[in-house]
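Predicted model only: the values in this text are computed from it and were never measured. Numbers here simply count residues along the sequence, with the first being 1.
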Amino acid sequence: GVLLATRHGALTASRAALGDVLRSGEPAMPFAFIATQTNFAGALLASRSHDVARAACLYLGAQDWPWLLRMARSWLAECERVAVGWVEEATQGDPHRSHWCIFASQAAAPAIHCEPATAGTAATSGDWIARVAAWRSAPGAPLELRAGHLGWRFTSHRSAQGTGRAQSSA
């Protein structure tokens, strides 16, 4: 599965397509229109790699990132792996951001186990994946991150067999 989130979507592509329509009065060109459809990312990835069972693009507020993990966990019943990402295109001086992690249905070594939590350090859509990555390089105590009242607890399971990046309990 491919699950990505963004706060604003493809603003630049949408503005360009609308500008073309307003200037010429003609429908948007196919590629200009497709560039506005962030939900096509899963189809694009599927055409370039292995089959993708599910794909979605969610428009979420910066503090709503825990919903991505909740959805990824539920998708693991149907998908062997779920790529979870937060993508923001460059706008008004802010750089382009693209942060991704993989959730797998089977334990992999070294795996990260995640489960819902009610406590933790406040994190945003722009930094939670980077914080997990930094913690993963030298895990010790469990890492707990939250946004509002929703949170996740990450623990390392380096003794699991196999290879991979991340895992979510079902």
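Each of V132, L69, T124, L150 was compared with L145 under the side-chain contact (heavy atoms from CB on, under 4.5 Å) criterion, and only V132 meets it.
The CH2 atom of W128 sits 10.5 Å away from the NE2 atom of H99 when rounded to the nearest 0.5 Å. The CH2 atom of W86 sits 7.0 Å away from atom OG1 of T6, with the distance rounded to the nearest 0.5 Å. Here CG of D127 is found 8.5 Å from CH2 of W65. Values are rounded to the nearest 0.5 Å.
Heavy-atom minimum distance, F103 versus C114: CE2-SG, 3.3 Å. For R131 against L143, the heavy-atom pair with the smallest separation is O-CD2, 3.9 Å. Here the closest heavy-atom approach between residue V84 and residue I129 is recorded as O-CD1, 4.2 Å. Across all non-hydrogen atoms, the minimal contact from A72 to L3 is N-CD2, 3.8 Å. Heavy-atom minimum distance, A5 versus L60: CB-CD1, 4.0 Å.
Both cation-pi conditions hold for R70 and W67: the charged atom is under 6.0 angstrom from the six-membered ring centre and inside a 45 degree cone around its axis.
The closest donor-acceptor contact from the side chain of W135 to the backbone of P142 lies at 3.5 Å or more, if one exists at all.
Residues W152 and R73 form a side-chain contact, since some pair of their non-hydrogen atoms from C-beta on lies under 4.5 Å apart.
Taking the side-chain contact (heavy atoms from CB on, under 4.5 Å) definition, one finds that R146 meets it with A122, sequence neighbours left out.
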